[in-house]
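In what follows, chains are A, B, ... by sequence order, proteins preceding strands, each numbered from 1.
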There are 2 protein chains.
Amino acid sequence: MLNHSEIDSILRALVEPTRRQILERLSRGPATVSQLAEPFGMTFAAVLQHLQALEACGLIRSEKIGRVRTCRIEPGGLAPLADWITERRIPVERHLDRLGEILAETDQSSPKVQDQEKDDQP
Amino acid sequence: MLNHSEIDSILRALVEPTRRQILERLSRGPATVSQLAEPFGMTFAAVLQHLQALEACGLIRSEKIGRVRTCRIEPGGLAPLADWITERRIPVERHLDRLGEILAETDQSSPKVQDQEKDDQP
DNA sequence: GGAATGGTTAAGCATGGGCTTGAGTATTGC
DNA sequence: GCAATACTCAAGCCCATGCTTAACCATTCC
């Protein structure tokens, strides 16, 4: 499915553990491509591809000076995903609010709505 | 890479557009498996696999009564991802704070730190 | 200028995961 | 009991994507 929305590309970038580790590393400060590649048992080119994916969706930013490219975190990069999450949460809160209203309207003699257990392993 | 942490499974679930649409649908109220399968031009079995992925990482919950399985949103399902995002954001804020301190310490005669442009298309 | 360093790109392999098919199970309606 | 319904499971196809290899710039050092 070619859903090329913004959160789609951010999620596709974040779903890869290596890229999350790169973000982790960059959150402790800027680094060059070779510095980023070194800790991973991985080719230079592979790390570069990860960096391009991260930069394409606005999670990092990079700047080349001379022959050295330095990468750093883009501060607001995770904001679209954070917004998406809060948007998805609001309807649920609304549902809970309506549930609260319903509970308030009905008698207090049936307080077992919170009792539902989640079945862990089917 | 077999990184089976919680946010890993949540991200793997959310990265699929179909599963996000299913979440969207369920945020408007519970639905049976066949009700969920109907709008997608997709097999029953395929939707079922998506539902299993969503339930395995705690984003939805389902209950079978008779031969009908009803699915609903798990209210706190997105919380681990939201927490992960805020955790990643704090170091950046710290960096910005330190930047603010540095700017406060130095003279006000060099205000070009915010001037850096992001190069859109390489 | 030539070698070394740092990065970039393209081509190809290989695995994972989404989707289908097809068979199978449990429940409901007659 | 038998058929229809609603779902479940397993096997396999196929494509997207991560990774490697191998060549190819560009910059710095001598």
So, does [X] get its side chain near the phosphate of [N], meaning an N or O under 4.0 Å from OP1 or OP2?
X	N	value
Q52(B)	dT8(D)	no
R12(B)	dG16(C)	no
T43(A)	dT20(D)	yes

Self-check item: Residue-level proximity of residues 31-39 of chain B to DNA chain D when a heavy atom falls under 4.0 Å
Solution: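 T32(B), V33(B), S34(B), in order of number.
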What residue among [options] forms side-chain contact (heavy atoms from CB on, under 4.5 Å) with [X]?
X	options	value
I60(A)	L36(A), L54(A), I22(A)	L54(A)
L14(A)	L14(B), V15(B), D8(B), L11(B)	L11(B)
L78(B)	I73(B), L59(B), D83(B), I85(B)	L59(B)

With 3.5 Å as the limit, what N/O pairs link the protein to nucleotides 22-30 of chain C?
from: dT27(C); atom 1: O2; to: R67(B); atom 2: NH1; distance (Å): 3.1

When you compare the side chain of [Y] with that of [X], does any pair of heavy atoms fall below 4.5 Å?
X	Y	value
C71(B)	L51(B)	yes
I65(A)	T70(A)	no
V47(B)	T18(B)	no

Among [options], which is the nearest nucleotide to the side chain of [X]?
X	options	value
M42(A)	dG7(C), dT20(D), dC19(C)	dT20(D)
A46(B)	dT8(D), dT20(C), dG18(D)	dT20(C)
E16(A)	dC7(D), dT9(C), dG18(D)	dG18(D)
H50(B)	dG18(D), dC19(C), dG7(C)	dC19(C)

Can you measure [X] atom [atom1] to [N] atom [atom2] for me and round it to whole angstrom units?
X	N	atom1	atom2	answer
E63(B)	dC7(D)	CD	C1'	16 Å
D8(A)	dA16(D)	CG	P	14 Å
L48(A)	dC24(D)	CG	P	18 Å
F44(A)	dT9(C)	CZ	P	13 Å
R69(A)	dG7(C)	CZ	C1'	8 Å

Quiz prompt | Donor on one side chain, acceptor on other, S62(B) and E55(B), under 3.5 Å | solution =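 On atom types as modelled, these side chains qualify, holding a pair under 3.5 Å.
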Quiz item: Side chain of Q49(A), base of dT9(C): donor and acceptor closer than 3.5 Å?
Solution: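 Per atom types, no contact qualifies.
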Self-check item: Closest approach of E24(B) to S27(B) (non-hydrogen atoms, all atoms of both residues)
Solution: O-OG, 2.6 Å
Quiz item: Which residue pairs pass the side-chain hydrogen bond (donor to acceptor under 3.5 Å, both in side chains) test when at least one of the two sits in residues 38-50 of chain A, sequence neighbours left out?
Solution: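 Those involving residues 38-50 of chain A are R19(A)-H50(A).
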